[in-house]
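My questions will all concern the structure given below.
We count ligands from 1, going down the list as the structure has it; atoms in each ligand are counted the same way.
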Amino acid sequence: MAVYCMSDIHGHLKEFQECLGRVQFRPGKDELYLLGDYIDWGPDSMDVVQFVMFLQERFPQRVHCLMGNHEEMMLEAILENRRDVADVWLYSNRGADTLLQYRALPERTRREVFAFLRKLPYGTEATVAGRRYLMAHAFPYFADPTKDQRLIRHIALWKRLRYQDNPFVEMLEYYPERRGLVFERFLFGHTITSNYFLRQMVDEWRSQGMRPEVSEADYPSFRETLGENRIYENEYMVNLDCGGKCIGLLRDNDVRLREEAKYSRLAILRLDDGAVFYSGIAKGV
Ligand SMILES: [Mn+2]
């Protein structure tokens, strides 16, 4: 039995299944942790959700799904009728296709989708080969009824860790009583790892007295030196978001997204031995 982890699938059913195929994933035998953001940006959001639901319902002991900020936006926009959230979801976060696909589902399936999304947890832990991992979509989360639920849920889904942060130190601002908790790594997604590698490169140059400026015009060559997205790992954390949202955006109006699309793919991490596998880069048409 092996244990796998993925994040930020963002409506890319083909690449998701390609990753499972790469590792010869055995449903019912292997375990799978999914760190949220199943929907939006990509073409098949509702198919991804339904596939994940299918796996989770068949093998509830083996498939563990967390909430992402995109699922939260969808729930708030539709179930709670939040106009402000709907605007952010549909326009800035490319939720429009997801909404259309959702509306095309039979009434009963729609209810099942919501029942599934609503009960997604905000964080979890797993011990693999004697090593203990903490997982959430964006920032460490611990269920705690004594805390401000809105706040701790919001940061779990939205707060952006920087590459130089130690999440186990950052989390003490919200969970001071968790000091001294020992985890091997914090596993998360939410921020495309190229942001980390680019930042790291620029900081490196600055530390050597150089003053690099990443202008719009220079961006493609800066981005090219980083190459294909890969997971970001240091002694505290593993960021698994290898640009799922940008897969296939080769003709997008936004130059950065278009550029990112050339290097975007999904990653699957095998926790047992740390091996990482990737989907192929979509070449588009
Ligand atoms: Mn996210």
Heavy-atom count around Q149 CD within 6.0 Å, excluding the residue itself: above 12? yes
Looking at the Mn ion (ligand 1), which N/O/S atom of D37 is the nearest one?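 Looking only at N, O and S atoms of D37, the one nearest the Mn ion (ligand 1) is named OD2.
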Report yes or no: do E204 and Q200 form a side-chain donor-acceptor pair below 3.5 Å?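 Note: E204 and Q200 side chains miss the donor-acceptor criterion.
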Taking the six-membered ring of Y102, is NZ or CZ of R110 closer than 6.0 Å to its centre and within 45° of its axis?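 Pair R110/Y102 counts as cation-pi.
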Salt bridge or not for E173 and K159, using N-O below 4.0 Å? no
Measure from the Mn ion (ligand 1) to each N, O or S atom of T191 and report whether any distance is below 2.8 Å.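 No, outside the cut-off.
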Specify which N/O/S atom of H190 comes nearest to the Mn ion (ligand 1), by atom name. ND1
